[in-house]
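One structure is given here, and the rest of the page talks about it.
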Amino acid sequence: MRFYRGLQPFKVMSFDLDDTLYDNSDVIRFAEERFLQCVQEHAQLSELTSEYWREWKWQLAEKDPLIAEDVIAWRVETLRNLLVHHGKSAVEIDRTLALAMEEFIEWRHKIDVPTESIEVLNQLKDRYPLSVITNGNVIAKRIGFEHFQLSLRGGEQGRAKPHQDLFHQTADHFGIKPSEILHIGDNLTTDVQGAIQAGCQAVWINLSGKDLNSFTEASVLPTLEINHLTELLTL
């Protein structure tokens with residue numbers, strides 16, 4: 001554990017989900033593969049490679065940057081635009097959208113949550129109200145997290161991290177000041193910078209094995225750095 005700022009008393013702990021409470025890399029890759037396979041099958045688009053899909057996603061993000069803050073809406077609208085471009089009928093588009101999104105969400109939640117994460121949250125919830133602030137599309141309860149009194153998702157309830165919206169909504173929900181929130185996350189921009197600029201305190205969970213100076217995107221220091229989730233229990 002390494003402190004960069006003085007830790008002040010806090011009343012609520014908020015958590016990022018992906019790559020903070022579990023490893024997300026393989027899950028999102030498998031979900032994306034199944035999603036694209038489903039579209040290929042039902043829309044008969046054999047040319048739909050992962051590279052082609054990414055091109056369409058970033059084209060939409062350039063035209064409408066705000067939609068990229070809601071990863072679900074971004075995926076749906078990208079697929080809709082792609083299917084229209086390939087001359088699919090309204091019926092084909094609706095059917096493919098429904099089937100592909102169902103497949104994606106199903107595989108997106110096939111997450112192997114570490115027992116350690118569950119155990120740490122079980123202990124923390126007896127001391128503090130816990131909440132989720134995520135930019136992703138995972139439903140916490142669907143993967144076994146019953147610990148959170150509030151769950152906010154970027155693009156749905158407000159601007160995605162690092163914007164201040166979700167941090168301030170969390171403070172308002174619990175009737176506390178932003179400085180009384182301790183936010184825990186793996187990302188130095190969305191989590192650390194977002195939390196600190198919103199007036200909260202931030203724990204950076206560094207699972208990379210690298211020093212903070214190795215991350216060029218680090219423009220704001222966290223309150224403290226940990227390497228294992230269990231270190232939160234010492235606070």
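Just so you know, these numbers come straight off a predicted model, no measurement behind them. We use all heavy atoms of the structure for the numbers below, so side chains are in, but hydrogens, waters and symmetry mates are not.
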Pairwise side-chain contact, Leu150 with Gln169, heavy-atom cut-off 4.5 Å (strictly under):
no
Tell me whether Leu152 shares a hydrophobic cluster with Val12, the cluster being built from Ile, Leu, Val, Met, Phe, Trp, Tyr side chains joined at under 4.5 Å.
yes
Does Trp56 use its side chain to pair, donor to acceptor, with the backbone of Leu79 at less than 3.5 Å?
no
What do the steps show when you test Ser219 against Gln193 for side-chain hydrogen bond (donor to acceptor under 3.5 Å, both in side chains), and what is the final call?
CA-CA 7 Å; Ser219 59; Gln193 180 182 325; 3.1 Å; yes
Please say yes or no: joined through hydrophobic side-chain contacts below 4.5 Å, possibly via intermediate residues, are Ile226 and Leu221 part of one cluster?
no
Please step through salt bridge (charged side-chain N to carboxylate O under 4.0 Å, His left out) for the pair Arg95 and Glu92, ending with a clear verdict.
CA-CA 5 Å; Arg95 182 191 63 182; Glu92 289 176 307; 5.0 Å; no
How far does CG of Leu82 sit from NZ of Lys88, to the nearest 0.5 angstrom?
10.0 Å
Heavy-atom closest pair (Gly185 atom, Asp16 atom, distance to 0.1 Å) is CA-CB, 3.9 Å
Do Leu36 and Leu83 sit in one hydrophobic cluster, given that two such residues count as connected whenever their side-chain heavy atoms are within less than 4.5 Å of each other, even indirectly?
yes
Rounded to the nearest 0.5 Å, what's the gap from CG on Asp94 to OG1 on Thr96? Could you check?
9.0 Å
In sequence, state the C-alpha distance, the side-chain angles, and the governing distance for Trp204 and Leu212, and then conclude on side chain to side chain contact (heavy atoms under 4.5 Å, CB included).
CA-CA 10 Å; Trp204 176 43; Leu212 178 62; 3.6 Å; yes
Heavy-atom nearest pair, Ser117 first then Val113, reads CB-CG1, 4.3 Å
Could you label the plane-to-plane angle of the His86 and Tyr52 rings as parallel, tilted or perpendicular, counting under 30° as parallel and over 60° as perpendicular?
perpendicular
Separation between NZ (Lys125) and CD (Gln149), nearest 0.5 Å, reads 10.0 Å
For Asp64 and Leu60, indicate whether the former's side chain and the latter's backbone hold a donor-acceptor pair under 3.5 Å.
no
Is there a side chain to side chain contact (heavy atoms under 4.5 Å, CB included) between Leu121 and Phe15? Walk through the geometry before answering.
CA-CA 10 Å; Leu121 293 176; Phe15 287 83; 3.8 Å; yes
Pick out which of Thr189, Asp191, Thr134, Asn187 makes a side chain to side chain donor-acceptor pair (under 3.5 Å) with Lys161.
Asp191
Residue pair Ile143, Leu17: steps toward the side chain to side chain contact (heavy atoms under 4.5 Å, CB included) verdict
CA-CA 11 Å; Ile143 57 173; Leu17 291 177; 5.6 Å; no
Rounded distance [0.5 Å steps], CG in Leu224 versus OH in Tyr4:
9.0 Å
Quick check: do Leu66 and Arg159 have side-chain heavy atoms less than 4.5 Å from each other?
yes
Side chains of Ile181 and Ile133, heavy atoms from C-beta outward: is any pair under 4.5 Å?
no
Tell me whether Thr223 contacts the main-chain N or O of Ala202 through its side chain, where contact means a donor paired with an acceptor under 3.5 Å.
yes
Within a strict 4.5 Å, meaning less than it, do heavy atoms of the Leu124 and Leu233 side chains meet?
yes
Under the 3.5 angstrom rule, does the side chain of Asn206 hit a backbone N or O of Asn227 as a donor-acceptor pair?
no
Taking every non-hydrogen atom, the tightest pair across Phe3 and Leu235
CZ-CD2, 4.3 Å
Shortest non-hydrogen contact from Asn135 to Thr190?
ND2-CG2, 3.8 Å
Are any side-chain N or O atoms of Asp19 and backbone N or O atoms of Asn24, one a donor and one an acceptor, separated by less than 3.5 Å?
yes
Evaluate whether atom NZ of Lys110 has more than 12 neighbouring non-hydrogen atoms of other residues, nucleotides or ligands under 6.0 angstrom away.
yes
Do you reckon Ile184 sits in the same ILVMFWY cluster as Ile111, going by side-chain contacts under 4.5 Å, direct or chained?
yes
Under 4.5 Å between any side-chain heavy atoms of Ile72 and Glu156, yes or no?
no
Without swapping roles, check the side chain of Gln201 against the backbone of Ser179 for a donor-acceptor pair under 3.5 Å.
yes
Compare every heavy atom of Pro114 with every heavy atom of Leu21, then report the nearest pair and how far apart it is.
O-CD, 3.4 Å
Is atom NE2 of His173 surrounded by more than 12 heavy atoms (other residues, nucleotides or ligands) closer than 6.0 Å?
yes
Could you tell me whether the side chain of Phe104 reaches within less than 4.5 Å of the side chain of Arg75, counting heavy atoms only?
yes
hydrophobic_cluster_shared for Phe30 and Ile105, side chain cutoff 4.5 Å
no
Would you say Glu69's side chain and Ala160's backbone share a donor-acceptor pair under 3.5 angstrom?
yes
Presence of salt bridge, Glu32 and Arg29, under 4.0 angstrom:
no
Side chains of Arg153 and Val71: does their closest heavy-atom pair fall under 4.5 Å?
yes
Return the CG to CG distance between Asp112 and Asp26, rounded to the nearest 0.5 Å.
10.5 Å
Kindly say whether the aromatic ring centers of Trp53 and Phe35 come within a distance under 6.0 Å.
yes
Does any part of the side chain of Gln59, heavy atoms only, come nearer than 4.5 Å to the side chain of Glu62, both counted from C-beta?
no
Could you check His183 against Phe167 for side chain to side chain contact (heavy atoms under 4.5 Å, CB included), going step by step and ending with a plain yes or no?
CA-CA 9 Å; His183 180 70; Phe167 296 104; 3.7 Å; yes
To check you understand the geometry: which heavy-atom pair defines the closest contact between Gly155 and Asp70, and what is its length?
O-OD2, 3.2 Å
Does Glu231 pair with Arg2 as a salt bridge, N-O distance under 4.0 Å?
no
Within the side chain of His168, is there an N or O that forms a donor-acceptor pair under 3.5 Å with the backbone of Pro178?
no
Between CD on residue Gln44 and NE2 on residue His42, distance to nearest 0.5 Å:
10.5 Å
Between Gln157 (side chain only) and Leu166 (backbone N and O only), is there a donor and an acceptor less than 3.5 Å apart?
no
